Amino acid sequence: MADCKFTWGGLVRVTHDAPAAFRPGATGSVCSVEELVRPERALFFGLEVGAVVYLVEFADGVSIEIAEAFLEEVEDS
């Protein structure tokens, strides 16, 4: 698998420049990590084969698949 920036269970924040459908500024937990290996799946996300997408679950129970580029790590406080 590709070198993933985030891991299962990690807390992430959607970047402010992400499309509105991804909930910019919201935080959630990583529920799954997928390296895009099939060209048609990569095309669905507008990414290249080998890119990584994460299933992120938010506090209200909604889960969204989000490309790594639209996520940032949440610092422990």
Side-chain angles (χ1 to χ4, degrees):
M1 181 173 245
D3 188 23
C4 301
K5 187 174 180 181
F6 309 106
T7 58
W8 182 87
L11 188 60
V12 293
R13 179 179 298 110
V14 181
T15 60
H16 289 287
D17 62 343
F22 295 155
R23 300 182 169 194
T27 58
S29 296
V30 174
C31 294
S32 72
V33 180
E34 177 188 1
E35 179 182 6
L36 301 174
V37 295
R38 295 187 347 245
E40 60 275 6
R41 183 91 167 120
L43 183 61
F44 174 79
F45 288 100
L47 300 170
E48 295 185 13
V49 169
V52 178
V53 294
Y54 299 85
L55 182 65
V56 177
E57 183 175 351
F58 300 95
D60 62 1
V62 173
S63 298
I64 303 173
E65 290 181 305
I66 303 176
E68 188 173 77
F70 294 123
L71 297 172
E72 58 191 15
E73 188 174 8
V74 174
E75 299 290 328
D76 289 334
S77 49

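These figures come from a predicted structure and were not determined experimentally.
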Which residues pass the side-chain hydrogen bond (donor to acceptor under 3.5 Å, both in side chains) test with Ser63, sequence neighbours left out? none
Using side-chain hydrogen bond (donor to acceptor under 3.5 Å, both in side chains) as the criterion, list what pairs up with Glu40, not counting sequence neighbours. Arg38
On a heavy-atom basis, which atom in [X] and which in [Y] lie closest, and how many Å separate them?
X     : Y     : answer
Val14 : Arg23 : CB-O, 3.4 Å
Ile64 : Ala21 : CD1-O, 3.5 Å
Phe58 : Phe22 : CZ-O, 4.0 Å
Ala67 : Leu47 : CB-CD1, 3.8 Å

Who passes side chain to side chain contact (heavy atoms under 4.5 Å, CB included) against Pro39, sequence neighbours left out? Val49
Partners meeting side chain to side chain contact (heavy atoms under 4.5 Å, CB included) with Ala69 (sequence neighbours left out): none
Could you grab the distance from atom [atom1] of [X] to atom [atom2] of [Y], nearest 0.5 Å is fine?
X     : Y     : atom1 : atom2 : answer
Thr27 : Glu73 : OG1   : CD    : 13.0 Å
Ser32 : Leu55 : OG    : CG    : 4.0 Å
Glu65 : Glu34 : CD    : CD    : 6.0 Å

I'd like to know if [Y] and [X] are part of one continuous hydrophobic network [Ile/Leu/Val/Met/Phe/Trp/Tyr, side-chain heavy atoms within less than 4.5 Å].
X     : Y     : result
Leu71 : Val30 : yes
Val62 : Val12 : yes
Leu36 : Val33 : no
Val37 : Val53 : no

CZ (Phe44) with more than 12 external heavy atoms under 6.0 Å: no
Please list all pairs passing the side chain to side chain donor-acceptor pair (under 3.5 Å) test where one or both residues lie in residues 48-58, with sequence neighbours left out. Tyr54-Glu68
Residue pairs, two or more places apart or on separate chains, that pass side chain to side chain donor-acceptor pair (under 3.5 Å) and touch residues 4-14: none
